[in-house]
Amino acid sequence: MITDDTFLKIVRSAVKAPSSHNSQPWLFSREKDAICIVPDFSRTLTVADPQNRELFISLGCAAENTMIAARFYGYNSEMHIESVEESTKIRLRLRKEEDQVQPDLFSYINYRQTTRNMYDNFIIPQEYKMELKNTITLPNIDVIFYTGEDEIKKLYPYILESNNIQISDLSYIHELIQWMRFSQNEAVRKGDGLYVACFGFPLMGRTIGSFVVGKFMSAKREERRLLKQLSKTSTTALITSMQDDPTNWIHTGICFQRLALTATKLNLNHSYLNAPCQVPCVRLQMMSQMPFPGAFPQLLILLGHSEKMPFAFRRRINDVLI
Ligand SMILES: Cc1cc2nc3c(=O)[nH]c(=O)nc-3n(C[C@H](O)[C@H](O)[C@H](O)COP(=O)(O)O)c2cc1C
């Protein structure tokens, strides 16, 4: 039986997980000896993520944080993913363990962040890459590292084409603006969304902010920013899965969160370049060039060194409980 106090402590760690657009599309409930996580479809990104693929990856990240925190508080977890028709539920059955080993990733849950600064071309040592690769322990999930300018350049056509398609799509920009938080007041009040300070942008308020993004965000400008960012990054990692369904998306999130926390432990920062996995026609082109035939690209991330940025906010715990 999990006490109220332990349940709340575990959920507080769970919601520190990353989610696309910081939409936090999760709800938590407690059963006698289990914590359940279900999607909150009212937080779906209908344009950027119409299949809810990233929604389920985000749920997987939250599930991994839940299991790490549960272990910290003395519980082993056994995960079951229950899919009945349209509904998917992650049930984590917790069992008290007397002599638990303290999980070494727990302390990095609060410290991990998406760091969108420019990186410094740091070459990631081979042993770090091995440690990151060893975090991928679920069947069907894998990670491919692209290291150095020549290898990373192979990804340029996909990154640039998908960026062009997304930024030229008014409905994508409209949805993005809805999820942007242009002032600290708005970010704290809502507790979700993309706080502009996390991108290094000035605070400006919603009216001016929406106008500026709508008027000045262009595919060309974004392409220049991406090329600059890529020229300063020596390693990218592509997480793939062999199947493309809610269970595999959740598994992707679990493995990715372990990788992101391990990167944080190794003092590496990470950020996302996910457009090629989001735009269907580009994703298909990328699939045809994958080292493992048939693997689905799920997440493309940059790894390196840079200064930390302001942290993103989270909603109040009461808002994510059912
Ligand atoms: C599945 C998934 C996709 C994401 N895609 C992007 C992306 O394309 N670009 C980006 O800047 N951040 C992306 N993020 C990062 C989120 O925006 C970030 O997790 C959220 O704003 C909360 O910030 P934090 O990670 O620093 O806690 C993604 C996160 C997840 C889980």
Side-chain angles (χ1 to χ4, degrees), residues 12-26 37 39 43-45 47-65 108-119 141 155 158-159 162-163 165-167 172 175-176 179-181 187 190-201 217 222 225-226 229-230 233 236-241 244 246 248-261 263-264 269-279 282-283 296-302 306-315:
R12 278 204 180 88
S13 293
V15 301
K16 294 279 160 62
S19 57
S20 31
H21 285 19
N22 197 18
S23 54
Q24 303 165 41
W26 41 58
I37 311 175
R43 304 191 142 255
T44 296
L45 305 174
V47 181
D49 185 30
Q51 269 189 295
N52 287 321
R53 187 183 61 83
E54 292 197 344
L55 177 147
F56 282 108
I57 295 178
S58 308
L59 251 57
C61 296
E64 177 60 12
N65 273 9
Y108 299 98
I109 287 179
N110 282 338
Y111 196 54
R112 182 214 57 82
Q113 65 162 214
T114 305
T115 310
R116 299 184 181 86
N117 263 336
M118 291 292 156
Y119 291 0
I141 313 296
L155 297 168
Y158 309 121
I159 294 170
S162 54
N163 165 65
I165 292 173
Q166 275 186 336
I167 306 290
Y172 178 84
E175 184 178 73
L176 184 67
W179 282 98
M180 287 184 84
R181 305 291 173 249
K190 298 234 177 189
D192 63 6
L194 299 167
Y195 178 33
V196 290
C198 303
F199 291 76
F201 298 154
M217 189 165 191
E222 189 59 10
R225 192 190 63 79
L226 287 170
Q229 196 177 32
L230 284 163
T233 307
T236 63
L238 180 66
I239 322 265
T240 62
S241 71
D244 207 30
N248 280 273
W249 298 331
I250 291 168
H251 284 181
T252 300
I254 289 174
C255 292
F256 166 66
Q257 181 64 2
R258 224 178 289 156
L259 186 145
L261 291 172
T264 309
N269 300 104
H270 66 277
S271 68
Y272 302 70
L273 269 185
N274 246 8
C277 307
Q278 292 165 344
V279 174
V282 177
R283 193 174 186 231
F296 291 88
Q298 300 292 2
L299 288 171
L300 180 59
I301 58 163
L302 307 180
S306 77
E307 295 293 313
K308 284 267 183 199
M309 306 278 288
F311 280 85
F313 291 93
R314 293 296 187 273
R315 286 181 296 151

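Here the structure is a predicted model, which is why all the values come from computation and not from measurement. Atoms within each ligand, like the ligands themselves, are counted from 1 in listed order.
Not one N or O on the side chain of Gln257 forms a donor-acceptor pair closer than 3.5 Å with the backbone of Asn65. Proximity of a side-chain donor or acceptor of Arg43 to a complementary backbone N or O of Leu55 within less than 3.5 Å is not detected.
Considering only heavy atoms from C-beta on, Glu54 comes within 4.5 Å of Asn274 through its side chain. Residues Arg53 and Phe296 have side chains not in contact (no heavy-atom distance under 4.5 Å, counting atoms from C-beta outward). A 4.5 Å side-chain heavy-atom check between Met217 and Leu176 finds at least one atom pair inside the cut-off. Two residues are said to be in side-chain contact when any heavy atoms from C-beta on lie closer than 4.5 Å; Tyr158 and Pro297 fail this criterion.
The proximity of Ala312 to ligand 1, defined as any non-hydrogen pair under 4.0 Å, is limited to the side chain. When heavy-atom distances to ligand 1 are checked against a 4.0 Å cut-off, Leu194 comes that close only through its side chain, counted from C-beta outward. Under 4.0 angstrom from ligand 1, the non-hydrogen atoms of Arg314 all belong to its side chain.
With respect to atom 21 (O) of ligand 1, the closest heavy atom belonging to the protein is Asn22 CB, 3.4 Å. Nearest protein heavy-atom neighbour of atom 9 (N) of ligand 1: Tyr272 CB, 3.8 Å. If you check which protein heavy atom lies closest to atom 26 (O) of ligand 1, you get Thr114 N, 2.8 Å. Closest to atom 3 (C) of ligand 1 among all protein heavy atoms lies Asn274 ND2, 3.3 Å. Among protein heavy atoms, the minimum distance from atom 17 (O) of ligand 1 is reached at Arg116 NH2, 3.0 Å. Here the heavy atom of the protein found nearest to atom 19 (O) of ligand 1 is Pro18 CB, 3.0 Å.
The shortest N/O to N/O separation between Ser20 and ligand 1 does not fall below 3.5 Å. Between Ser19 and ligand 1, a contact under 3.5 Å exists for at least one N or O pair. Taking distance alone, with nitrogen or oxygen atoms compared against 3.5 Å, Ser58 stays at or beyond that limit from ligand 1.
With ligand atoms numbered from 1 in the order given, ligand 1 contributes 26 (O) to contacts under 4.0 Å with heavy atoms of Gln113.
Residue contacts with ligand 1 include Arg112, since one of its heavy atoms falls under 4.0 Å from the ligand. Not a single heavy atom of Leu273 sits under 4.0 Å from any atom of ligand 1.
With hydrogens and angles left out, the side-chain atoms of Gln24 and Asn22 include a donor and acceptor closer than 3.5 Å. Under 3.5 Å, the side chains of Gln298 and Asp244 contain a donor-acceptor pair of N or O atoms.
Both tests do not hold together for Lys16 against Phe311: distance to the six-membered ring centre under 6.0 Å, angle to the ring axis within 45°.
Atoms CG and OH, from Leu230 and Tyr119 in turn, are 11.5 Å apart once rounded to the nearest 0.5 Å.
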